[in-house]
J.: 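Structure provided below as structure tokens; questions to follow.
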Amino acid sequence: MLNNKLYFIYMAKVLTSRAENYAQWYNDLVIKADLAENSAVRGCMVIKPYGYAIWEKMQRALDDMFKETGHQNAYFPLFIPKSFFSKEAAHVEGFAKECAVVTHYRLMNDPDGKGVVVDPDAKLEEELIVRPTSETIIWNTYRNWIQSYRDLPIKINQWANVVRWEMRTRLFLRTAEFLWQEGHTAHATKQEALEETETMLKVYAKFAEEWMAMPVVQGYKTESERFAGALETMTIEALMQDGKALQSGTSHFLGQNFAKAFDVTFTNQEGKIESVWATSWGVSTRLMGALVMSHSDDNGLVLPPKLAPIQVVIVPIYKKLEELDQINGVADKIVAELKQLGISVKYDNDDKRKPGWKFAEYELKGVPLRLAIGPRDLQNGTCELARRDTLTKEIVPLEGIGSKAVSLLADIQSNIFKKALDFREANTTVVDDYEEFKKLLDDKGGFFLCHWDGSAETEERVKNETKATIRCIPLEGPTEPGKCMVTGKPSARRVLFARSY
RNA sequence: CGGGGUGUAGCGCAGUCCGGUAGCGCACUACGUUCGGGACGUAGGGGUCGGAAGUUCGAAUCUUCUCACCCCGACCA
């Protein structure tokens, strides 16, 4: 009676398949799985409760990691005086084209009686920018907080929304307003700031791999891909199932650029005045998109147990309400046992939905484990356990169901990571010939490890000719020197190319 | 921001060419039978046809303007 694995019979498809149209599959899934939807405001989304629950779990895990590495949370204003933006030249350059600007502070009734209009007399002295990122307001504030090396380091994070006026938006991947965290740290030495930059990249990589079950390549951005105003940008890059890369988190070494722009200096131990060294780092709700595209299949979401709002769902199967009563008794005990073990469990005994409907629904929503109890199980002291990642089911005894669930959840977490890692390895190609690179980019996609001569011209040429960009100069991986695949000039090491989101 | 497409019931669509007062499937409500992979029957309810203006006796349908969304580019996390 045990271990009789059955395979699923699929009923009506509600999703476009990945093979048919990957982009449509993603859009369908985000909406059908109740993660988010488009709002009445152009380019802005509504994150729905189920999607937000996942984000909250991400926040919790990241926030704990930030605290463990010595950071504190704070909050800075949504609005930034326009003049702040013009202080750091590269920074302005990077963000000027996508800023929302507040020009007035009052509405009035339309003199023509057609609703309300902006009161022309209520023009702001200085216009306010809705933050696209907070370096300027934060460094303007840090100036007042820092006098001596004794005031350093300052290691602050804020959870906030930011606005970047994007032309073309996609749920989670690119929206005009999004949620994120931005860390902003101030240090006495260059070395310490560099270490902070790397530490936080490692935090992101650890989070991506251990919580999201999403393998990432860590590395440095090339100069042209760097954050506006940064001396060095580090990134974690993930590979999506359609063979495109997704930049999933960045950590920037800002040097003394912002300190100089905002005149943030400190007196060192020798009594000399120096500029402060800075970092900033962030991940956003874009991670939700990464999560969806890393593991999910044509039946719906596949969530890593560590981030799943519901880890186990219990579905009763019954004909008569007396049977349901009996099952309720058994299920309540299972719920108590699982909760005891720290598992988030939902017992769905809603009489208005049928088992088949519930199966499909929770599969669509990516619940890692489903436990079904019917009349046969009541007799045998068993239940049916179905795992979302492999789509397999087995009949198991109720005795010891708690530890069984714990080990299965752990197994699912590691299995989907392994699956994603295998996919990435199968889709990472070492190429030395530019023509072959172009061909494989179209035929196969994925990551490419190639030699590059280090020039922005070559990088630009590859981008124009193939739409592929250098995702990063990896921290790990092959480091043997060679010849640039495009120009044949010497190359210190291979870099990671891909088409990206 | 350029090119293309789509807006008709909560969702997915037909009807638009050729103007005559709106229909189908799912969902919803009630009852009954069902319930181990999105059940079935019977009877119901629901629509400013994206918005505005115009042509006309009459507009979902024709004209102009406008808004939103989707796809492809340019830009970006």
Side-chain angles (χ1 to χ4, degrees), chain A residues 6-16 21-24 26-28 31-32 37-45 93-99 114 132-133 162-180 182 221 224-228 233 235-238 245-252 280-290 299-300 315-321 323-324 327 350-364 370-378 380 382-384 386 391 393 395 463-464 467 469 471 500-501:
Chain A
L6 301 171
Y7 289 88
F8 289 56
I9 300 158
Y10 301 114
M11 304 300 286
K13 296 280 183 193
V14 289
L15 296 175
T16 304
N21 185 338
Y22 192 84
Q24 192 61 45
Y26 175 82
N27 289 337
D28 282 2
I31 290 167
K32 298 264 169 61
E37 63 187 32
N38 283 306
S39 71
V41 186
R42 178 197 201 101
C44 297
M45 65 180 163
E93 177 81 15
F95 288 104
K97 286 167 295 197
E98 49 186 24
C99 286
K114 293 174 187 164
T133 179
V162 285
V163 168
R164 296 181 189 174
W165 213 257
E166 298 292 347
M167 290 303 160
R168 199 174 152 196
T169 59
R170 289 190 69 191
L171 293 169
F172 290 119
L173 297 175
R174 175 164 296 107
T175 46
E177 179 192 17
F178 56 94
L179 306 183
W180 77 346
E182 48 181 323
K221 283 293 187 187
S224 62
E225 296 276 333
R226 255 174 228 154
F227 174 74
T233 288
T235 179
I236 52 171
E237 297 284 327
L246 184 74
Q247 179 175 305
S248 303
T250 47
S251 184
H252 315 288
S280 69
W281 28 273
V283 293
S284 72
T285 37
R286 186 178 230 205
L287 288 178
M288 294 286 294
N299 301 304
V315 178
I317 291 150
Y318 57 94
K319 291 191 167 90
K320 302 185 182 108
L321 284 175
E323 280 174 330
L324 178 59
I327 296 170
D350 183 353
D351 188 46
K352 296 190 289 294
R353 301 289 188 197
K354 305 181 55 191
W357 191 92
K358 292 174 186 173
F359 289 180
E361 180 67 9
Y362 292 112
E363 197 164 281
L364 185 59
R370 184 187 69 233
L371 199 157
I373 308 170
R376 289 204 296 272
D377 297 305
L378 286 182
N380 302 333
T382 57
C383 68
E384 181 195 79
L391 294 170
K393 323 194 254 197
I395 307 294
K463 186 178 176 181
N464 290 338
K467 288 171 192 149
T469 50
R471 302 318 305 157
S500 73
Y501 275 92

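Each chain gets a letter, A, B and so on, in the order its sequence line appears, and its residues count up from 1. Source: prediction; values computed, not measured.
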J.: Taking the C1' atom of each, how far is B:C40 from B:C26, in whole Å?
T.: 15 Å
J.: Considering every strand shown, what is the Watson-Crick or G-U wobble mate of B:A59 when both distances are under 3.5 Å?
T.: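 Pair assignment: B:A59 / none.
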J.: Starting from P on B:G36, measure out to CG on A:Leu378 and report it in whole angstrom.
T.: 15 Å
J.: Base, sugar-phosphate, or nothing for A:Arg42, non-hydrogen atoms under 4.0 angstrom?
T.: sugar-phosphate
J.: Under a 3.5 Å cut-off for both contacts, is B:C24 paired Watson-Crick or G-U wobble with anything, and if yes, with which nucleotide?
T.: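 Partner of B:C24: B:G12.
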J.: Apply side-chain contact (heavy atoms from CB on, under 4.5 Å) to A:Thr235 and list each qualifying residue two or more places apart in sequence or on a separate chain.
T.: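 A:Lys221, A:Glu237, A:Gln247, A:Thr250, A:Cys472.
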J.: Atom CD1 of A:Ile327 to atom P of B:G36: distance rounded to whole Å?
T.: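 So the two atoms are 12 Å apart, to the nearest Å.
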J.: Sticking with atom C1', work out how far B:A59 lies from B:C24, rounded to a whole angstrom.
T.: 23 Å
J.: Any Lys/Arg nitrogen of A:Glu384 or A:Arg370 sitting under 4.0 Å from an Asp/Glu carboxylate oxygen of the other?
T.: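 Salt bridge: yes.
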J.: Please compare A:Gly43 and A:Gly374 by the position of their nearest nucleotide in RNA chain B and report the one closer to 5'.
T.: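 Residue closer to the 5' terminus by nearest nucleotide: A:Gly374.
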J.: Partner lookup for B:C31, please. Criteria are Watson-Crick or G-U wobble with both distances under 3.5 angstrom; report none if nothing qualifies.
T.: B:G41
J.: Please determine, for B:C76, whether a Watson-Crick or G-U wobble partner exists with both distances under 3.5 Å, and give it or none.
T.: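 Checking every strand shown, B:C76 finds no partner, since no pair has both distances under 3.5 Å.
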J.: If the C1' atom of B:G5 is compared with that of B:U42, how far apart are they to the nearest Å?
T.: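 Pairwise C1' distance, B:G5 against B:U42, rounds to 42 Å.
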J.: Whom does B:C17 pair with, Watson-Crick or G-U wobble, provided both distances fall under 3.5 Å?
T.: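 Base partner found: none.
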J.: Which atom pair, heavy atoms only, marks the closest approach of A:Met45 to A:Thr285?
T.: CE-OG1, 4.2 Å
J.: From CG of A:Leu364 over to C1' of B:C11, roughly how many Å is that when rounded to an integer?
T.: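 The answer, rounded to whole Å, is 14 Å.
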J.: Could you measure between the two P atoms, the one in B:C65 and the one in B:C75, and give it in whole Å?
T.: 31 Å
J.: Taking the C1' atom of each, how far is B:A14 from B:A60, in whole Å?
T.: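 Pairwise C1' distance, B:A14 against B:A60, rounds to 12 Å.
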J.: Quickly work out the A:Lys352 NZ to B:G38 C1' distance and round it to whole Å.
T.: 17 Å
J.: Extract from the structure each pairing of a protein N or O with an N or O of nucleotides 29-35 of chain B at less than 3.5 Å, listing the distance.
T.:
{"residue": "B:C35", "atom": "O2'", "partner": "A:Tyr318", "partner atom": "O", "Å": "3.0"}
{"residue": "B:C35", "atom": "N4", "partner": "A:Lys319", "partner atom": "O", "Å": "2.5"}

J.: Could you run down nucleotides 70-77 of chain B 5' to 3' and tag each one B, S or - for protein heavy-atom contact under 4.0 Å?
T.: SSBBB-BB
J.: To the nearest angstrom, how far is A:Asp377 atom CG from B:G36 atom C1'?
T.: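 It is 8 Å, rounded to the nearest whole Å.
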J.: Return the set of residues passing salt bridge (charged side-chain N to carboxylate O under 4.0 Å, His left out) with A:Lys352 (not counting sequence neighbours), or none when no residue passes.
T.: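 Testing A:Lys352 for salt bridge (charged side-chain N to carboxylate O under 4.0 Å, His left out), a comparison that skips the adjacent residues, returns A:Asp350.
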J.: Does the structure show a Watson-Crick or G-U wobble partner for B:C65, both distances under 3.5 Å? Name it, or say none.
T.: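 Check on B:C65: paired to B:G51, both distances under 3.5 Å.
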J.: Within the 3.5 Å criterion, strictly below it, is a donor on A:His252 or A:Ser280 matched to an acceptor on the partner's side chain?
T.: no
J.: Between B:A22 and B:C69, how far apart are the two P atoms, rounded to whole Å?
T.: 31 Å
J.: Can you name the side-chain hydrogen bond (donor to acceptor under 3.5 Å, both in side chains) partners of A:Ser500, sequence neighbours left out?
T.: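 For A:Ser500, the residues satisfying side-chain hydrogen bond (donor to acceptor under 3.5 Å, both in side chains) (neighbours in sequence not counted) are A:Arg471.
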J.: With sugar-phosphate meaning primed atoms plus P, OP1 and OP2, does A:Gly300 contact a base, only sugar-phosphate, or nothing at under 4.0 Å between heavy atoms?
T.: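 Result for A:Gly300 = nothing.
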J.: Which value, in whole Å, describes the distance between the P atoms of nucleotides B:G41 and B:A27?
T.: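 Per the computed distance, 11 Å lies between those P atoms.
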J.: In whole Å, what separates the C1' atom of B:U21 from that of B:U8?
T.: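 Per the computed distance, 15 Å lies between those C1' atoms.
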J.: Partners of A:Leu324 by side-chain contact (heavy atoms from CB on, under 4.5 Å), sequence neighbours excluded?
T.: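 By the side-chain contact (heavy atoms from CB on, under 4.5 Å) rule, A:Leu324 matches A:Pro316, A:Tyr318, A:Leu321, A:Asn328, A:Tyr347, A:Asn349.
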J.: List for me each residue that meets salt bridge (charged side-chain N to carboxylate O under 4.0 Å, His left out) alongside A:Glu166, sequence neighbours excluded, and say none if there are none.
T.: A:Arg174
J.: Using the test salt bridge (charged side-chain N to carboxylate O under 4.0 Å, His left out), find all partners of A:Glu323 that sit at least two apart in sequence or belong to another chain.
T.: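 None.
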J.: Please report the interatomic distance CG(A:Asn38) to CG(A:Asn27), rounded to the nearest 0.5 Å.
T.: 8.5 Å
J.: Tell me: CD of A:Glu323 to P of B:G36, nearest whole Å?
T.: 12 Å
J.: Taking salt bridge (charged side-chain N to carboxylate O under 4.0 Å, His left out) as the definition, give me every residue that meets it alongside A:Arg164, ordered by chain and number, with sequence neighbours left out.
T.: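 Scan of A:Arg164 (salt bridge (charged side-chain N to carboxylate O under 4.0 Å, His left out), adjacent residues dropped) gives none.
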